[in-house]
There are 2 protein chains.
Amino acid sequence: MRDMISAELPNFMPLHRQVKEILLRRIANGWKGAGEALPSESDLAADLEVSLGTIRAALGLLAADKVLVRQQGKGTYVTLHDEARILFQFQRLTPDAQARQFPESQVLSVNTEPPDAGDQAQLGLAVGEQVVKLRRTRSLGGLTCITELITLPVVLFPKIEAQDLPNNLYEFYSVHYGVRIAKAVEQLKAVGATANDSGHLGVPVGTPLLQIDRVAVDLCDRPVERRISRCLTDDYHYLSKLE
Amino acid sequence: MRDMISAELPNFMPLHRQVKEILLRRIANGWKGAGEALPSESDLAADLEVSLGTIRAALGLLAADKVLVRQQGKGTYVTLHDEARILFQFQRLTPDAQARQFPESQVLSVNTEPPDAGDQAQLGLAVGEQVVKLRRTRSLGGLTCITELITLPVVLFPKIEAQDLPNNLYEFYSVHYGVRIAKAVEQLKAVGATANDSGHLGVPVGTPLLQIDRVAVDLCDRPVERRISRCLTDDYHYLSKLE
DNA sequence: CAGTGGTCTAGACCACAGG
DNA sequence: CTGTGGTCTAGACCACTGC
């Protein structure tokens, strides 16, 4: 078994970490789709020829990374990017007085363009590589409060201009392009509304907005989406947990 | 053993969770101070009459919660709130072009006052309970870029007005008042600079600032500090990881 | 009922720190 | 060298799910 693992993954690691990486790689390659069940612990243990405890450690790590969901008595499933999960993991903007909710979206335009310097760096693009820029506005509780500019490498998302884009993009990426968002890093700043923001949000130029510059990565930590959101925060706040 | 645990902690939980809670309670009560080493795994196992694996699971949970730090070959230690750790866990405001650094502080005033409605709710104060309000400014790389208002229940921090307050408050709380900050929740908004902000930061009234409203809790999840920071973000950003 | 994941145990061996 | 935590194993029993 150690030999088999070494063949699949040369570098040294504890066994349970190696098992984790093997399973992660398999999942990233489409071995099991979102929502599908993995084989049982004992089947996996037999398959990979390691003990149950080692398999459990690996599955536990993947569950902690939110790649898998485990349910006693049922099985282990590949995480589904349904709205509830997106809301929990990625939607940090919350109404001050109510529960978190999924924002509605209105697409403004979709264009293939050359990337700017920031896109180039954040998405790790090859020289000359083109990107798709998706502009939209979003509303929470009926009030338009976000302008959004989404940048995607055209290589990963061919012909996305022709598609009908839903509200929940991460689920859409997964279903139509096999691109699964695993996590993201956001940089926040306070900025003044531009003329463009002003028109869409109905506030004066210079109004303080919360700008969120997000880079989302897939299961293998490759950056696949950049998203700049500019949000009105009079009745909303961004929630951040430090633990 | 089960009976002994039941005596210390009546409600049902898996054994390793119970062990975790027992150790957490002991630490919160000053059993071991910040930086001190815990007994070895086998000593703890013998003491609590559970298997090594169970002790390891409990210690692993506490390490994941950053209450403990484990070092192979040395031992298990209560987490120390040194600058490096504070920087890593609580200092999310980062220069755009440089590494994270610890901000310098200038104390403006320290006063005992009645709490406002927000303090009352966020800190879970008893009716009529007084608070200490600490106002200061902070600078990163020589430039004053943050105004800060810190609110503390006077019950937990008696005579703090008379103390000389250092830059690293969380370490100070731990050493002088036995209050150990474990984690925090922050609510972020974009706001316009007030006349007060304007004076301290040297920017026009209305300049967009990032307002961070933090409530920090101790090991037992009791809120112990509220802190409202208003930050210039021209050359800084707030880093948030979604995982 | 059978099959799943959840918990607990006991014991072995390894890697590392420090005298 | 001893003692620490880190890893791996094997096997037992429990709790939950769904037929």
Side-chain angles (χ1 to χ4, degrees), chain A residues 1-6 8-9 11-24 27 32 35-80, chain B residues 1-6 8-9 11-24 27 32 35-80:
Chain A
M1 169 55 191
R2 312 306 178 95
D3 301 332
M4 201 245 279
I5 289 181
S6 301
E8 272 196 72
L9 193 96
N11 306 353
F12 172 76
M13 277 183 182
L15 236 199
H16 64 270
R17 287 279 283 118
Q18 296 184 44
V19 171
K20 175 193 164 182
E21 295 302 329
I22 289 173
L23 295 176
L24 187 58
I27 292 168
K32 298 286 177 184
E36 272 189 89
L38 263 61
S40 74
E41 296 181 342
S42 26
D43 285 358
L44 282 171
D47 175 12
L48 297 178
E49 296 179 59
V50 297
S51 80
L52 242 184
T54 303
I55 289 290
R56 285 187 55 75
L59 294 177
L61 289 175
L62 289 168
D65 286 353
K66 299 187 176 58
V67 174
L68 301 177
V69 177
R70 316 194 68 190
Q71 287 175 261
Q72 180 173 97
K74 296 189 68 178
T76 303
Y77 299 85
V78 178
T79 297
L80 206 53
Chain B
M1 170 53 191
R2 312 306 177 94
D3 301 331
M4 201 246 281
I5 289 181
S6 301
E8 273 198 70
L9 192 94
N11 306 351
F12 172 76
M13 277 181 183
L15 235 199
H16 63 272
R17 287 279 284 119
Q18 297 184 42
V19 171
K20 174 193 165 183
E21 295 302 329
I22 289 174
L23 294 176
L24 187 56
I27 293 168
K32 298 286 177 182
E36 272 189 89
L38 264 61
S40 74
E41 296 182 341
S42 26
D43 286 356
L44 282 171
D47 175 13
L48 297 177
E49 295 179 59
V50 296
S51 80
L52 242 184
T54 303
I55 288 290
R56 285 188 54 76
L59 294 177
L61 289 175
L62 289 168
D65 286 354
K66 301 189 176 59
V67 174
L68 300 178
V69 177
R70 315 194 68 191
Q71 286 175 260
Q72 183 174 107
K74 296 190 66 177
T76 303
Y77 299 84
V78 177
T79 297
L80 206 53

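Within every chain, numbering begins at 1; the chains are lettered A, B, ... in the order of the sequence lines, protein sequences first and strands thereafter.
- OP1 and OP2 of D:dC8 both lie 4.0 Å or more from every side-chain N or O belonging to A:S51.
- An OP1 or OP2 oxygen of C:dG5 is reached within less than 4.0 angstrom by a side-chain nitrogen or oxygen of A:T76.
- Tested against B:S40 for a side chain to side chain contact (heavy atoms under 4.5 Å, CB included), the candidates B:D43, B:L44, B:L38 yield a single pass: B:D43.
- Nucleotides of DNA chain D nearest to A:H16 and A:G73 differ in position, and the one nearer the 5' end is that of A:H16.
- For C:dG5, the OP1/OP2 oxygens have no side-chain nitrogen or oxygen of A:K74 closer than 4.0 Å.
- The distance between atom CZ of B:R17 and atom P of C:dT7, rounded to the nearest whole Å, is 10 Å.
- In this structure, B:S40 reaches the D:dT4 phosphate: one of its side-chain N or O atoms is under 4.0 Å from OP1 or OP2.
- From A:Q18, atom CD reaches atom CG of A:L23 across 12.0 Å, with rounding to the nearest 0.5 Å.
- Only B:R56, B:R70, B:Q71, listed by number, bring a heavy atom of residues 53-71 of chain B to less than 4.0 angstrom from any atom of DNA chain D.
- Computed from coordinates, the A:L48 CG to D:dC8 P distance equals 13 Å when rounded to whole Å.
- For the residue pair B:G35 and B:Y77, the shortest heavy atom distance occurs at O-CD2, 3.5 Å.
- In this structure, OH of B:Y77 is placed 12 Å from C1' of C:dC16, rounded to the nearest angstrom.
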Considering only distance and modelled atom types, tabulate donor-acceptor pairs under 3.5 Å from the side chains of residues 54-68 of chain B, sequence neighbours left out.
{"unit_1": "B:T54", "atom_1": "OG1", "unit_2": "B:S51", "atom_2": "OG", "d": "3.3"}
{"unit_1": "B:R56", "atom_1": "NH1", "unit_2": "B:E41", "atom_2": "OE1", "d": "3.4"}
{"unit_1": "B:R56", "atom_1": "NH1", "unit_2": "B:E41", "atom_2": "OE2", "d": "2.5"}
{"unit_1": "B:D65", "atom_1": "OD2", "unit_2": "B:K20", "atom_2": "NZ", "d": "3.0"}
{"unit_1": "B:K66", "atom_1": "NZ", "unit_2": "A:E243", "atom_2": "O", "d": "3.4"}

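- In this structure, of D:dT7, C:dC8, D:dG18, it is C:dC8 that holds the atom nearest to the side chain of B:L15.
- In this structure, A:E41 places its CD atom 11 Å from P of C:dT7, rounding to the nearest Å.
- Atom P of nucleotide C:dT4 and atom CG of A:L52 are separated by 11 Å, given to the nearest angstrom.
- A straight line from CG of B:D43 to P of D:dT4 spans 6 Å, rounded to a whole angstrom.
- For A:Q72, the listed nucleotide lying nearest its side chain is C:dG5; candidates were D:dG5, C:dG5, D:dT9.
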